Undergrad: 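Before I ask anything, here is the structure I am working with.
Bear in mind the structure is a predicted one, so any value in this text is a computation, not a measurement. In what follows, chains carry the letters A, B, and so on, assigned in the order in which the sequence lines appear, proteins first and then strands, with residues in each chain numbered from 1.
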Number of protein chains: 2
Amino acid sequence: MNGSLMIYQSLLDHIRRYVDLEPSEIEVLCSFLSHRHVAKKTFLLEPGKVCAANYFISSGCLRLFFITTSEQEQITHFGLENWWIADYGSLTSQRPSQYYIQAVEDTEIIELKASVQDELLAKVPKLERYFRLVLLRAYTASQRRIEFMNNLSGEDRYNQFTAMFPDFAQRVPLYMLASYLGFTPQFLSKIRAKRN
Amino acid sequence: MNGSLMIYQSLLDHIRRYVDLEPSEIEVLCSFLSHRHVAKKTFLLEPGKVCAANYFISSGCLRLFFITTSEQEQITHFGLENWWIADYGSLTSQRPSQYYIQAVEDTEIIELKASVQDELLAKVPKLERYFRLVLLRAYTASQRRIEFMNNLSGEDRYNQFTAMFPDFAQRVPLYMLASYLGFTPQFLSKIRAKRN
DNA sequence: TGAAAAAATGAAACTAGTTTAAGAAATGAT
DNA sequence: ATCATTTCTTAAACTAGTTTCATTTTTTCA
């Protein structure tokens, strides 16, 4: 709105795909947001803490993971450009999370703090629709993930995933991909050795 | 609204937990709904067909499942009282589904057809909020399910599930529980034999 | 630039869960 | 009541993926 380089542009563009906001509504919205650079390996959330905000990723990559009973990192979610990421269980209940959210690379985020989200939605009700549609998309993706995990063997998941997202598969360390795909790094090495 | 036994009461009660509707809004809403009795084993959706509606379950139980590459039924979701169920991927895109939705028992549903959902939301914008909150709950549950599946062994999943939902575990055939929990009925029998 | 840390590979022993196949028990329709 | 279908169990052989541990390669950063 003012000349400050529009640090929220990526989010405003994303919202415009779903709802049309008046300039005045955009102004209100921006007054509720804040922008943050998150250096690689920084944690936005750790177990025992309450998830403080819903994070919109302008650029970079975050991961959501927890430690399993067998003490392994289990990645449940990667957050990329134009996705919101949070532990919605903790965010909604304001109870302590079991999860980590960590930057995989240097990442730019726009945050909407839990404490003000309801106030924002009361002031700009059109955003109810926007967030409904965002959640619809997220829920659908989550269902697809459950299907993916149950439908294919580890080897097939790896092959299909790298075929579908070749650039992303390069972007994260292999052990993170293995975790996300639901097997060990050793098994991934085995698969790759077999392919050559 | 009129004296017709309030077939939509369960849904109206559910909505009232999240938003307050005026009598006039309730009237509009009800004009968009329809009620249906679904006999056990009836399919509401089959592969190749487009998911026609979002279904609210007043009573009974539905299951959402697909056939895996190894030709097994894989249940991804059970729908119980006061949950909405649909293949949101197909519902949103109006493209053919890969899924079945089938009644596990005689079930009463209230349906909101895909073709009129947008019109309803335009006329009763408060429902944007209601459906946002419903999706938030569904998405959170879906994330918990992914965590559950990745965190525990098959045996632990069975033990924890039956401890948490003893009545539900009785309500569905064991082979459905096995599928939902991500293993074979034979393995489930093995677990039970071990417990005795 | 070089030392330390992080990430990836390899191989052998192992195990959680599958597969196949057959029979037993329960449920449902007539 | 009875036959047919659906659901559940048992057992043995098998396999996809894990575990453990050692080695190599790559990245980080002072």
Undergrad: Could you encode protein contacts along nucleotides 11-30 of chain D as a string, one character per nucleotide from 5' to 3', using B for base contact, S for sugar-phosphate-only contact and - for no contact, with a heavy-atom cut-off of under 4.0 Å?
TA: ------BBBBB------S--
Undergrad: Tell me if the aromatic rings of Y100(A) and F66(A) count as close, with their centers under 6.0 Å from one another.
TA: no
Undergrad: What's the angle between the local helix axes at either end of the helix from dT1(C)-dA30(D) to dT30(C)-dA1(D), using five pairs per end and rounding to 10 degrees?
TA: 60°
Undergrad: Before accepting this row, confirm whether a basic side-chain N of the pair E128(A)/R132(A) lies closer than 4.0 Å to the acidic partner's carboxylate O.
TA: no
Undergrad: Check for me whether the distance between the ring centres of F65(A) and Y99(A) falls short of 6.0 Å.
TA: no
Undergrad: Using atom CD of E71(B) as one end and atom P of dT19(C) as the other, report the distance to the nearest whole Å.
TA: 11 Å
Undergrad: Determine: side-chain N/O of R192(A) to OP1/OP2 of dA8(C), distance under 4.0 Å, yes or no.
TA: no
Undergrad: Tell me if the centroids of the rings in F56(B) and W83(B) come within less than 6.0 Å of each other.
TA: no
Undergrad: For Q94(B), enumerate each residue passing the side-chain hydrogen bond (donor to acceptor under 3.5 Å, both in side chains) test, keeping only those at least two apart in sequence or located in another chain.
TA: none
Undergrad: Where along residues 163-177 of chain B does a heavy atom fall under 4.0 Å from DNA chain C?
TA: none
Undergrad: Specify whether H14(A) and Y18(A) have parallel, tilted or perpendicular ring planes, treating 30° as the upper limit for parallel and 60° as the lower limit for perpendicular.
TA: perpendicular
Undergrad: Identify, with sequence neighbours excluded, every residue that meets side chain to side chain contact (heavy atoms under 4.5 Å, CB included) alongside T184(A).
TA: Q186(A), F187(A)
Undergrad: Do other residues, nucleotides or ligands put more than 12 heavy atoms under 6.0 Å from the CD atom of Q98(A)?
TA: no
Undergrad: Can any side-chain N or O of S58(B) pair as donor or acceptor with the backbone N or O of S10(B) at less than 3.5 Å?
TA: no
Undergrad: Does anything in residues 138-163 of chain B pair up under salt bridge (Lys or Arg N to Asp or Glu O under 4.0 Å), and if so which pairs, sequence neighbours excluded?
TA: E155(B)-K194(B)
